[in-house]
2 protein chains.
Amino acid sequence: MKPLTIKDIARLSGTSPSTVSRVLTGVVPVADDKRSAILNTIAELNYRPNLLARSLKTKATHSLGLLINDVLNPFYGALARGVEDVARQEGYVVILGNTNEDPDTELAYLKMLQDKAVEGIVFAPSGANCAVVRELMDSGIAVVQVDRRIEGLGASSVTLDNRGGGYIATRHLAAHGHRRIGFVTYAMGQMTVALRERGYRDALDEANIGLEQGDACRVSFDLADVPACLEKMLQAPEPPTALIAANNRIALAVMRALKQLEKAIPDDIALVVFDDLEIFDLMIPALTAVAQPSYEIGRQAAEFLFAQIREEEPHEPRSKVFAPELIVRSSSAAPRR
Amino acid sequence: MKPLTIKDIARLSGTSPSTVSRVLTGVVPVADDKRSAILNTIAELNYRPNLLARSLKTKATHSLGLLINDVLNPFYGALARGVEDVARQEGYVVILGNTNEDPDTELAYLKMLQDKAVEGIVFAPSGANCAVVRELMDSGIAVVQVDRRIEGLGASSVTLDNRGGGYIATRHLAAHGHRRIGFVTYAMGQMTVALRERGYRDALDEANIGLEQGDACRVSFDLADVPACLEKMLQAPEPPTALIAANNRIALAVMRALKQLEKAIPDDIALVVFDDLEIFDLMIPALTAVAQPSYEIGRQAAEFLFAQIREEEPHEPRSKVFAPELIVRSSSAAPRR
DNA sequence: ATGAAAGCGCTAACAT
DNA sequence: ATGTTAGCGCTTTCAT
């Protein structure tokens with residue numbers, strides 16, 4: 001029992017393949033009697049057109065790619081939901097790729113997506129594969145960057161005001177009387193956390209707080225050295241009374257390390273984290289967080305993608321920057337005197 | 001500038017399309033000089049074969065579908081990573097669909113995946129679309145169920161021993177002296193949580209604990225009524241001294257409700273939850289959890305899928321049941337006298 | 001409005 | 001071992 005083809009439908013409803021195709025695509029008028037005959041046989045036999053054949057002909061695959069670090073990270077998970085919700089509404093399917101922030105994996109996926117002829121790609125660029133991305137764009141694939149933004153790539157982007165996030169987190173702590181505030185971030189250069197650190201430094205400057213070298217704690221991407229880094233930081237002559245974790249991964253590692261070092265939050269040290277995970281209000285103490293609208297970021301990215309897919313022209317890159325929101329809870333209390 | 005085709009490569013390397021195809025697919029021997037000439041032009045011009053055309057011809061799309069409730073749920077997120085890691089290793093791409101436990105969404109996705117001609121589908125079946133799933137299987141798409149298992153579907157499955165999980169959670173609480181143990185689960189009939197409740201009841205029986213009606217708290221899928229349900233349960237003449245949350249969504253809602261009701265864990269009421277989220281050891285108190293190897297479940301499912309894809313025969317459905325692991329922490333302490 | 005015919009880019013007989 | 005041919009299932013001219 002081979003799958004039905006458009007020829008079968010044509011034969012069984014006494015017409016030609018082209019006419020069947022016409023009712024399928026629905027752009028050209030077809031006589032009512034033929035149309036209904038065709039629709040009947042289609043419904044009766046449960047015929048489904050072969051999308052591969054159609055795509056080969058039309059160049060439209062109705063599929064998108066989504067390349068992120070890790071869906072298991074709630075920030076990207078929510079973003080993925082946003083992308084998917086919009087895609088589904090548009091009748092598009094999304095191919096998911098986790099890159100683990102690894103340029104080679106990213107590259108491999110970019111090529112796979114190109115080969116799969118996706119019409120658009122939402123991705124959090126590692127920054128490494130710009131040439132390939134530009135090639136994709138030249139070949140007609142719509143591209144939207146999320147979370148990070150590579151300048152000069154010429155692709156649309158949807159990001160958070162990361163500098164602003166670092167700024168409000170720091171200003172909040174300073175306003176509560178903290179004078180020595182540590183910032184825990186990656187040692188590797190990564191756009192997102194670097195901008196957050198920029199905001200942190202801007203706020204420190206503004207508050208006339210001298211910034212010692214030791215105040216930024218730079219940890220490896222695998223987070224294995226977080227306990228050691230923190231311990232060193234906290235053993236300094238004048239250790240920080242507050243810490244900012246540059247993202248949610250780092251935040252968990254910091255909390256785990258502080259627990260291990262038997263430092264109580266916020267009594268021994270206050271904490272503000274980036275990303276507001278669902279469970280943070282249940283922690284004891286509840287965590288003060290810089291929240292970003294990750295689901296909305298995903299939606300917006302997908303919407304940019306579709307706008308671009310629909311446009312004929314070479315299109316103008318768009319960009320949207322969402323504002324961070326500081327959710328004040330208990331972990332950022334004033335320093336103990 | 002149109003994309004290159006196999007014809008272009010043939011022409012430019014002085015041979016025929018079929019020979020180019022032969023070096024591309026690599027099954028039939030080709031003379032060394034021709035082969036290298038072809039490979040040279042391919043590399044030089046950065047030619048990439050059109051996978052759509054190839055798939056149309058070969059019926060192999062090298063793509064899978066993954067249908068789950070919600071990637072944002074860490075259980076499914078980790079499962080998705082497991083599926084994806086195996087798929088990528090095999091050179092397959094995965095199309096992700098979130099169903100929100102909604103049969104209509106599930107149905108829509110199943111059809112989309114069929115239309116996309118995926119070679120296999122990993123999915124957490126709602127139970128509603130069996131006929132369609134069977135159709136897919138008949139049409140030659142490999143199917144593996146995860147998390148739930150529809151009997152009689154004839155598809156392979158990878159699950160947790162959910163009954164066993166409910167059993168060990170309950171036995172643990174009973175062994176610590178709890179005599180009245182509540183079970184918080186969905187009101188809707190859902191396989192996974194129903195089996196966990198089965199294990200709960202088996203363990204209660206075994207411990208000779210009478211099970212009153214009120215001991216199972218059945219909440220709506222949206223969890224809006226959790227506070228009300230719990231309040232009622234805790235106002236009973238002999239309220240439970242311990243609670244089991246049937247999954248991680250319910251667990252969070254229960255903790256939030258208990259906080260609202262100003263019940264301390266474990267002093268006022270002990271708690272054991274299903275699924276061990278990364279952060280549970282950082283909670284205060286640290287949560288006792290029934291852990292399931294969700295990443296491994298995903299991997300195993302994908303491996304079943306590929307085994308099936310490679311088999312020619314009508315294939316025997318396989319099934320794997322993982323054992324739950326009880327991670328004992330502080331939230332399940334003995335009742336206060 | 002409809003049918004015939006060509007062709008999307010590839011692979012797989014078939015023939016040599 | 002290689003070139004020629006047909007054809008995967010669809011859409012889209014091009015005639016009529």
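A, B, ... follow the sequence lines: proteins, then strands. Residue 1 opens every chain.
Annotation: side chain of B/Val93 is not in contact with side chain of B/His62 (no heavy-atom distance under 4.5 Å).
The distance from atom CG of A/Asn50 to atom P of D/dG7 is 18 Å, rounded to the nearest whole Å. Atom-to-atom, NZ of A/Lys116 to P of C/dC10 comes out at 14 Å; the value is rounded to the nearest Å. Atom CD1 in B/Ile9 sits roughly 16 Å away from atom C1' in C/dT11 (whole-Å rounding). Distance B/Ile6 CD1 to D/dT4 P: 14 Å, rounded to the nearest Å. In this entry the distance linking NZ of B/Lys2 with P of C/dC10 reads 11 Å, nearest Å. Across the protein-nucleic acid pair, B/Leu52 atom CG and C/dT11 atom P stand 13 Å apart, rounded to whole Å. Counting to the nearest Å, the P atom of C/dC10 and the CZ atom of B/Arg11 are 13 Å from each other. Across the protein-nucleic acid pair, B/Lys57 atom NZ and D/dA6 atom C1' stand 7 Å apart, rounded to whole Å.
Sorted by first and then second residue, the salt bridge (charged side-chain N to carboxylate O under 4.0 Å, His left out) pairs involving residues 136-155 of chain B (not counting sequence neighbours) are B/Glu101-B/Arg148, B/Arg149-B/Glu151.
At a threshold of 4.0 angstrom between heavy atoms, the contacts of A/Thr58 are confined to the sugar-phosphate backbone, with no base atom among them. Across all strands shown, A/Thr15 has heavy atoms under 4.0 Å from sugar-phosphate atoms exclusively, and none from any base. As judged by a 4.0 angstrom heavy-atom cut-off over every strand, A/Thr25 is placed among residues touching the sugar-phosphate backbone only. Within the nucleic acid shown, B/Pro49 comes within 4.0 Å of sugar-phosphate atoms alone, with no base atom in reach, counting heavy atoms only.
Within the 4.0 Å cut-off from OP1 or OP2 of C/dG3, at least one side-chain nitrogen or oxygen of A/Lys34 is found. Put simply, B/Tyr47 has a side-chain N or O that comes within less than 4.0 Å of OP1 or OP2 on C/dC10. Contact between the side-chain N/O atoms of A/Ser16 and the OP1/OP2 oxygens of C/dG3 is found at a separation under 4.0 Å. At D/dT11, one or more side-chain N or O atoms of A/Ser21 fall inside 4.0 Å of OP1 or OP2 (strictly under the cut-off).
Annotation: of the two residues near DNA chain D, B/Pro29 and B/Leu56, the 5′-most nearest-nucleotide partner is B/Pro29. Comparing B/Arg22 and A/Arg22 along DNA chain D, the residue whose closest nucleotide (by nearest heavy atom) sits nearer the 5' end is B/Arg22.
One donor-acceptor pair, N or O on each side, does fall under 3.5 Å between the base of D/dT4 and the side chain of B/Ser18.
Minimum atom distance to the side chain of A/Val30 is reached by C/dT2, of the listed C/dT11, C/dA4, C/dT2. Distances were taken from every side-chain heavy atom of B/Lys59 (C-beta onward) to each of D/dG9, D/dT2, C/dC10; the shortest belongs to D/dG9. Of the candidate nucleotides D/dT11, C/dC10, C/dC8, C/dC10 has the atom nearest to the side chain of B/Thr5. Taking every side-chain heavy atom of B/Thr19 into account, D/dG3 is the closest of C/dC10, D/dC10, D/dG3.
Between A/Arg81 and A/Asp85, at least one side-chain nitrogen of the basic residue sits less than 4.0 Å from a carboxylate oxygen of the acidic one, meeting the salt-bridge criterion.
B/Gln114 and B/Ser139 get closest at one heavy-atom pair: NE2-OG, 4.0 Å.
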Could you walk me through whether B/Arg48 and A/Glu135 satisfy the salt bridge (charged side-chain N to carboxylate O under 4.0 Å, His left out) test, starting with their C-alpha distance in whole Å, then the side-chain angles of each, then the deciding distance to 0.1 Å, before giving a yes or no?
CA-CA 13 Å; B/Arg48 319 224 68 192; A/Glu135 253 179 54; over 6 Å; no
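A side-chain donor-acceptor contact under 3.5 Å links A/Ser156 to the backbone of A/Arg318.
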